[in-house]
Enquirer: 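Handing you this structure, nothing more for now.
The sequence lines fix the lettering, A, B, ..., with proteins before strands; numbering per chain opens at 1. It should be emphasised that the depicted structure is a prediction, and the values quoted were computed from it without experimental measurement.
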Protein chains: 2
Amino acid sequence: MGRRATTRRIGIADVALKAGVSHATVSRVMNGNFTVDPAIAERVRAAATELNYQPNPVGRSLALGKTDTIGIVVPDLSNPTFQAILRGLSMAAAQDGYRVLIADSSEVSSEEAILAGEARRRCDGLVLCAPRMGDAELEELAPSLHPMVLINRSTLDTRAPSLMVDYGQGIQELAELLVGLGHTRLAFLAGPTRSASNGLRLQGLEKFKAAHPEINLRMLDAGSSFEAGHQSVDSVLASGATGVMAFNDLVAMGLLSGLHERGVRVPEDISVTGFDDIPFARYTTPTLSTAAVPINELGQQAWHRMRDLIRNVSPDAGTEGPTIFLPRLEVRGSTGPAKA
Amino acid sequence: MGRRATTRRIGIADVALKAGVSHATVSRVMNGNFTVDPAIAERVRAAATELNYQPNPVGRSLALGKTDTIGIVVPDLSNPTFQAILRGLSMAAAQDGYRVLIADSSEVSSEEAILAGEARRRCDGLVLCAPRMGDAELEELAPSLHPMVLINRSTLDTRAPSLMVDYGQGIQELAELLVGLGHTRLAFLAGPTRSASNGLRLQGLEKFKAAHPEINLRMLDAGSSFEAGHQSVDSVLASGATGVMAFNDLVAMGLLSGLHERGVRVPEDISVTGFDDIPFARYTTPTLSTAAVPINELGQQAWHRMRDLIRNVSPDAGTEGPTIFLPRLEVRGSTGPAKA
DNA sequence: ACGCTCTGAGAAAACGCTTTCTCACTATTC
DNA sequence: GAATAGTGAGAAAGCGTTTTCTCAGAGCGT
């Protein structure tokens, strides 16, 4: 049992021995239980500091039934959006003394369930970030993951708060922006098929089409990366569109770069929009018009929901349904009037 | 003791009961101990799957004395460099079944020691990433953190592997590049004072100065962010330099953006270099010449060192001193010949 | 048929902590 | 001065595993 007898770490027993009291009393002192004689408490504290005693968190976790850790499952840690969510979550959780454990599914949706379950068991709760798994699987998994907070997905399990960005609304506003500038031939560079947020964008664009039958809107497959945008230059030019909405900022930046290489001027010849408003968006040339997702707030909110879940055994009702975050239009230099 | 009687999770005892065997036997079966009768093993496995039993990792950790988790302390998770290291570390560790716990010190160097200690206690090892604390403090802390891997710092504790990037060499190569292009008036946009890597760059530049007394090199304070670069435009222009080396890619991009706003052409009027080769560097306009730090490899290496540390009680000597990573020059569009 | 080894599984200890239970002792009260 | 309440701290029982210890019973040789 246990590890072999390396230089054993200092434990509660050592402190107890040194202070001439029992384990229990040491524990009481360490946890600020005031039913201890001040003199003895002082003796214990002295012994503790002298031995530089630090309680073993694993032992504590087992006894307390909590780990002060939450897990997050992301599809791809190299994606700036998930990095930002992770950061917001981590900072907010740290404020309350919680740490974050990472699980990256590398976009392999079949791994997500195992990964999520494993992470959940190690932690007090789980943030499931834009899971790629199917609805059925998510529905089946959800109950076993509680407490869980979902990002960009929802479930019938009413206990699981859901934070969603209204990509449909955002993309419509971008389309309207372009139409307002006089563009009549638009194109959308679609993201990964498995991405639920891509689906929301497509739904939004369907509404847009219905409202603007006069506008020509082409759907082009791209992806979610720089490279995807860069490689889409040909299909964009071939489409004859003068207003192009990219799946996200990365794709838009790739496109910007590709267009620049071809000598196509932005926004004079073609207007380009992104989505997300990643930090770099305001520093491209031209600066990128985009729909800003309040991503830091998202991570922070995720923690606050999680905290409520962990603290209240019975959640204080009132927050029914998913919380919707509305993207905010950020009009910059990459969009301009259509050519006369 | 323990948590209150919520719907108690399924434990080893339940499986044992259902299979009509003892805890011990269930444990043996779950851990592939072959001293169990195949028939009984099968019965146990059946019970386990039927109850959907999953061992509690906290209990396991306590018994085994390991958590299958490593910690990483970073000064600022919003920095792309640290994000990339985190990612490389996380991916590599995941391959071996380890997870990563995050601790962000928010650049508050006084918090680092506590944060590091706390993280270390929860994990089987710690990666200390570019710590901002002083040398003395680091030296004092190091032994208590073992097993630990250091990034961009080193310590006298020979047990702690150290992965370092030779920023001094990299910045010299960039300076040489500019000199080779005919630039004689250079400027360096310095990073945060506390940053050790900034110090290494300054040392490299001192060597450069010694080797090239004919070159005029100005040091300008900037910082490590976009904004820092953006705000340095005035001082750069005032310096009269035609070749500017930024502390890192972010600063360079900020500068690029600011110069563009001023109508200064890059590289015709001024050449700009970055450092790091973050993913965005190849997509700026013009594309950014920089010194590429093999950042993914760094995270991965950090894990491999950690793994060796965790596995071998006595490290297989041979890897003496820090591992040095040499930046690789990435010449792109932001550097060009000095004006005639 | 007796004793021997060997196999397999249960009992129990250990991991390091928290918390309940229990009780000795002191301080109060009539 | 004895019964009562109150206080503080030790003993011990958990938390959920793994692993050692132990022993019943099977198989084998003589």
Side-chain angles (χ1 to χ4, degrees), chain A residues 1-45 47-48 51-68 118 121-124, chain B residues 1-45 47-48 51-68 118 121-124:
Chain A
M1 64 219 73
R3 54 163 178 275
R4 61 189 143 298
T6 67
T7 51
R8 215 175 49 66
R9 273 187 62 79
I10 207 105
I12 202 173
D14 305 280
V15 180
L17 193 67
K18 178 149 203 137
V21 298
S22 68
H23 317 307
T25 301
V26 176
S27 173
R28 279 189 273 256
V29 172
M30 299 307 289
N31 294 309
N33 185 324
F34 290 114
T35 72
V36 179
D37 185 287
I40 294 188
E42 195 39 57
R43 217 165 70 218
V44 169
R45 258 189 291 274
L51 294 173
N52 190 26
Y53 167 69
Q54 306 282 151
N56 176 326
V58 179
R60 282 196 105 226
S61 289
L62 190 58
L64 258 34
K66 66 191 202 109
T67 62
D68 291 340
E118 202 204 285
R121 242 166 286 130
R122 278 180 152 70
C123 302
D124 297 347
Chain B
M1 65 220 70
R3 56 167 176 273
R4 62 189 142 299
T6 68
T7 51
R8 215 175 48 67
R9 271 187 62 81
I10 207 108
I12 202 171
D14 305 280
V15 180
L17 194 66
K18 176 150 204 138
V21 298
S22 69
H23 317 307
T25 301
V26 175
S27 174
R28 278 189 275 256
V29 173
M30 299 308 287
N31 295 311
N33 185 324
F34 290 113
T35 73
V36 178
D37 185 287
I40 295 187
E42 194 41 54
R43 217 165 71 219
V44 169
R45 258 188 291 273
L51 294 174
N52 190 27
Y53 167 68
Q54 306 281 152
N56 176 328
V58 180
R60 282 196 103 226
S61 289
L62 188 58
L64 259 34
K66 67 193 203 111
T67 62
D68 292 339
E118 202 204 284
R121 242 166 286 129
R122 278 179 151 68
C123 302
D124 298 346

Enquirer: To the closest 0.5 Å, what do you measure between CG (B/Asp68) and OG (B/Ser61)?
Expert: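 Interatomic distance, B/Asp68 CG to B/Ser61 OG, rounded to 0.5 Å: 6.5 Å.
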
Enquirer: Could you pull out all residues at least two apart from A/Asp124 that satisfy salt bridge (charged side-chain N to carboxylate O under 4.0 Å, His left out)?
Expert: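 So A/Asp124 forms no salt bridge (charged side-chain N to carboxylate O under 4.0 Å, His left out) with any residue.
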
Enquirer: Roughly, in whole Å, what's the span from CZ in B/Arg60 to C1' in C/dG16?
Expert: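 It works out to 18 Å between those atoms.
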
Enquirer: Round to a whole Å and report the spacing from CD of A/Gln54 to P of C/dG16.
Expert: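 A/Gln54 atom CD is separated from C/dG16 atom P by 15 Å.
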
Enquirer: What residues form a side chain to side chain contact (heavy atoms under 4.5 Å, CB included) with B/Leu51, not counting sequence neighbours?
Expert: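 Applying side chain to side chain contact (heavy atoms under 4.5 Å, CB included) to B/Leu51 gives B/Ile10, B/Asp14, B/Val15, B/Lys18.
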
Enquirer: Please list, chain by chain and in numerical order, all residues satisfying side chain to side chain donor-acceptor pair (under 3.5 Å) with B/Arg121, sequence neighbours excluded.
Expert: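 Side chain to side chain donor-acceptor pair (under 3.5 Å) list for B/Arg121, sorted by chain: empty.
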
Enquirer: Within residues 15-29 of chain B, find the residues that approach DNA chain D with a heavy atom at under 4.0 Å, and present them sorted by residue number.
Expert: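 The stretch gives B/Ala24, B/Ser27, B/Arg28 as the residues lying under 4.0 Å from the strand, ordered by number.
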
Enquirer: Is any side-chain N or O of A/Arg9 closer than 4.0 Å to OP1 or OP2 of C/dG16?
Expert: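 A/Arg9 to C/dG16 OP1/OP2: no side-chain N or O under 4.0 Å.
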
Enquirer: Determine whether a donor-acceptor pair (N or O, by modelled atom type, separation under 3.5 Å) exists between the side chain of A/Arg122 and the backbone of B/Thr67.
Expert: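 Checking the backbone N and O of B/Thr67 against the side chain of A/Arg122, a donor-acceptor pair under 3.5 Å is found.
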
Enquirer: Report the distance from atom CG of B/Leu62 to atom C1' of D/dT19, rounded to the nearest whole Å.
Expert: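 These atoms are roughly 13 Å apart.
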
Enquirer: Locate the shortest heavy-atom distance separating A/Met30 from A/Ala48; write the atom from each residue and the value.
Expert: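 Residues A/Met30 and A/Ala48, closest heavy atoms: SD-CB, 4.4 Å.
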
Enquirer: To the closest 0.5 Å, what do you measure between SG (A/Cys123) and CD (A/Glu118)?
Expert: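 Reported to 0.5 Å precision, the distance equals 10.0 Å.
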
Enquirer: Once side chain to side chain donor-acceptor pair (under 3.5 Å) is applied, do any residues pair with A/Asn31, and if so which ones, sequence neighbours excluded?
Expert: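 Per chain and number, A/Asn31 pairs via side chain to side chain donor-acceptor pair (under 3.5 Å) with A/Ser27, A/Arg60.
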
Enquirer: Please determine, for the side chain of B/Leu64, which listed nucleotide (C/dC17, D/dG16, D/dT18) has the closest atom?
Expert: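 Output: D/dT18.
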
Enquirer: Work out which heavy atom in A/Val58 is nearest to a heavy atom in A/Asn56; give both atom names and the distance.
Expert: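 Closest approach of A/Val58 to A/Asn56: N-OD1, 2.6 Å.
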
Enquirer: Please report the interatomic distance CZ(A/Arg28) to CZ(A/Phe34), rounded to the nearest 0.5 Å.
Expert: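 One gets 14.0 Å once the value is rounded to the nearest 0.5 Å.
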
Enquirer: Using atom names, set out every protein N or O paired with an N or O of nucleotides 5-7 of chain C below 3.5 Å, distance rounded to 0.1 Å.
Expert:
none

Enquirer: Mind jotting down which residue pairs meet the salt bridge (charged side-chain N to carboxylate O under 4.0 Å, His left out) criterion with at least one end in residues 31-45 of chain A? Sequence neighbours excluded, please.
Expert: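 Qualifying pairs: A/Glu42-A/Arg45.
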
Enquirer: If you compare every side-chain N and O of B/Asn31 against the phosphate oxygens of D/dT18 (OP1, OP2), does one of them come in below 4.0 Å?
Expert: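 Affirmative; the distance criterion is met.
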
Enquirer: Return the set of residues passing side chain to side chain donor-acceptor pair (under 3.5 Å) with B/Thr25 (not counting sequence neighbours), or none when no residue passes.
Expert: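 B/Ser22.
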
Enquirer: For nucleotides 22-28 of chain D, give me one character per nucleotide, 5' to 3': B if any protein heavy atom sits under 4.0 Å from the base, S if the only such contacts are to the sugar-phosphate, - if neither.
Expert: -------

Enquirer: Side chain to side chain contact (heavy atoms under 4.5 Å, CB included) with A/Val21: which of A/Val29, A/Val36, A/Ile40?
Expert: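 Going through A/Val29, A/Val36, A/Ile40 one by one, the side chain to side chain contact (heavy atoms under 4.5 Å, CB included) with A/Val21 is satisfied by A/Ile40 alone.
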
Enquirer: Considering only heavy atoms, which members of residues 35-44 of chain B lie under 4.0 Å from some atom of DNA chain C?
Expert: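 Here the set is B/Thr35, B/Val36, B/Asp37, B/Ile40.
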
Enquirer: Bend angle of the helix from C/dA1-D/dT30 to C/dC30-D/dG1 from five-pair axes at both ends, rounded to 10°?
Expert: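 Rounded value for the end-axis angle: 60°.
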
Enquirer: In whole Å, what is the span from the CD1 atom of B/Ile12 to the C1' atom of C/dG10?
Expert: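 Checked: the CD1 to C1' distance equals 13 Å.
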
Enquirer: Between atom CG in A/Asn33 and atom C1' in C/dT20, what is the gap in whole Å?
Expert: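 The distance from CG of A/Asn33 to C1' of C/dT20 comes to 12 Å, rounded to the nearest Å.
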
Enquirer: Would you please confirm or rule out a distance under 4.0 Å between OP1 or OP2 of D/dT17 and any side-chain N or O of B/Tyr53?
Expert: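 Checking D/dT17 against B/Tyr53, a side-chain N or O does come within under 4.0 Å of OP1 or OP2.
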
Enquirer: Can you measure A/Asp14 atom CG to C/dC15 atom C1' for me and round it to whole angstrom units?
Expert: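 Rounding to the nearest Å, CG of A/Asp14 and C1' of C/dC15 are 14 Å apart.
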
